[in-house]
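Input: a single structure, listed below in structure tokens.
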There are 2 protein chains.
Amino acid sequence: MKKEIENKYTEPAHCPVRNVLDRIGDKWSMLVLLLLEEKGLLRFNEIDKQIESISQKMLSVTLKGLEADGLVKRTIYPQVPPKVEYELTELGQSLIPHLNTLVEWAKDNMKTIETSRLQYES
Amino acid sequence: MKKEIENKYTEPAHCPVRNVLDRIGDKWSMLVLLLLEEKGLLRFNEIDKQIESISQKMLSVTLKGLEADGLVKRTIYPQVPPKVEYELTELGQSLIPHLNTLVEWAKDNMKTIETSRLQYES
DNA sequence: CAGCATCCACGTGGATACTG
DNA sequence: CAGTATCCACGTGGATGCTG
């Protein structure tokens, strides 16, 4: 730690940037949120199939995090074999539009960025 | 890798979600972009002071990445001691509004999320 | 001043096997 | 079916010291 006292923009607990990065900055959360938005209600294995390259462990960890933050609602049906369904909460829904504008921006500028990066390397 | 063939939403090179996460999902990029938007033109050490907890190494790495992607412009003044200034490019500017809506969302919902997480832990 | 080089600690996330 | 448990590889990023 360079300094003991951090300012409002770097102190994790009160920094909105950290706050948002902690939620969507990991490898899978954003993808899961967008998938749940698109498909509505999904079971664990359905998500697993849609996001092909995710492992069971990371899907489990990701869903737990999103559930803990109140972005995703988890419903367990007490039956054998178990059935669990996931869906966005209102809070989760409210985040989606902002994620979508980001994705749109990415789509629009992917080529420009790739070109820039290639030039930079050379 | 669970499967050899990944779909369009997980294959890194063509997935817009990965694309955007790779740019702003790291620890410092988003913070640096927002700072440059707020302050305009800044020297290396000025950024270093504003973001108190960043190390010189990470600031250097972050700025290089942003420069490579064409989001930040770097201007060197050939003098001793050296002077280097950083500013957002047009592309960088175009990303800012979307980051700001995210930050606004985070501000509006921080408390709700924190409450949810505390309840989940118990 | 604006970095780079080196070393290293830690956390994320992947592979695999197992279970109620 | 919907996870958990364990182990481990890797990358991110921090600390420190050095330099043109």
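Order of the sequence lines fixes the chain letters, A, B, ..., with proteins taken first and strands second; residue numbering starts at 1 for each chain. These numbers come from a predicted model, not from an experiment.
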Can you list the residues that meet the side chain to side chain donor-acceptor pair (under 3.5 Å) rule with B:Gln93, with sequence neighbours excluded?
none
Among the nucleotides C:dG3, C:dC1, D:dA2, which one has an atom lying closest to any side-chain atom of B:Arg43?
C:dC1
In whole angstroms, the gap separating C1' of D:dA2 from CZ of A:Phe44 amounts to 6 Å
Residues of residues 77-85 of chain B with a heavy atom under 4.0 Å from any atom of DNA chain C, listed by number, are B:Pro81, B:Pro82, B:Lys83, B:Val84
State which residues pass side-chain contact (heavy atoms from CB on, under 4.5 Å) with A:Thr115; sequence neighbours excluded, sorted by chain then number.
none
For B:Leu36, all residues meeting side-chain contact (heavy atoms from CB on, under 4.5 Å), sequence neighbours excluded:
B:Val32, B:Leu42, B:Ile47, B:Val72, B:Tyr86, B:Leu88
As a quick check of understanding, evaluate side-chain contact (heavy atoms from CB on, under 4.5 Å) for B:Leu63 and B:Arg74, giving each step before the final call.
CA-CA 9 Å; B:Leu63 286 169; B:Arg74 180 173 183 266; over 6 Å; no
When rounded to whole Å, the CG to C1' distance for the pair B:Leu21 and C:dG13 reads 15 Å
For B:Ile54 and C:dG3, what is the distance between atoms CD1 and P respectively, to the nearest whole Å?
12 Å
Listed partners of B:Glu46 passing side chain to side chain donor-acceptor pair (under 3.5 Å), at least two apart
none
Using side-chain contact (heavy atoms from CB on, under 4.5 Å) as the criterion, list what pairs up with A:Arg23, not counting sequence neighbours.
A:Asn19, A:Asp69, A:Leu71, B:Ile113, B:Arg117
Which of the following nucleotides, D:dA2, C:dG14, C:dG3, is nearest to the side chain of B:Tyr86?
C:dG3
Contacts of B:Ser94 meeting side chain to side chain donor-acceptor pair (under 3.5 Å) (sequence neighbours excluded), chain-then-number -> A:Trp105
Residues from residues 59-72 of chain A lying under 4.0 Å of DNA chain D - heavy atoms
A:Ser60, A:Lys64
A:Glu104: which residues meet the salt bridge (Lys or Arg N to Asp or Glu O under 4.0 Å) condition with it, sequence neighbours left out?
A:Lys107
In chain order, what residues pass the side-chain contact (heavy atoms from CB on, under 4.5 Å) check against A:Leu118, with sequence neighbours excluded?
A:Glu121
For B:Glu87, the salt bridge (Lys or Arg N to Asp or Glu O under 4.0 Å) test, sequence neighbours excluded, returns B:Lys73
Heteroatom pairs (N/O) under 3.5 angstrom, protein to nucleotides 6-11 of chain C:
none

Rounded to the nearest Å, what distance is computed from the CG atom of residue A:Asp48 to the C1' atom of nucleotide C:dG14?
13 Å
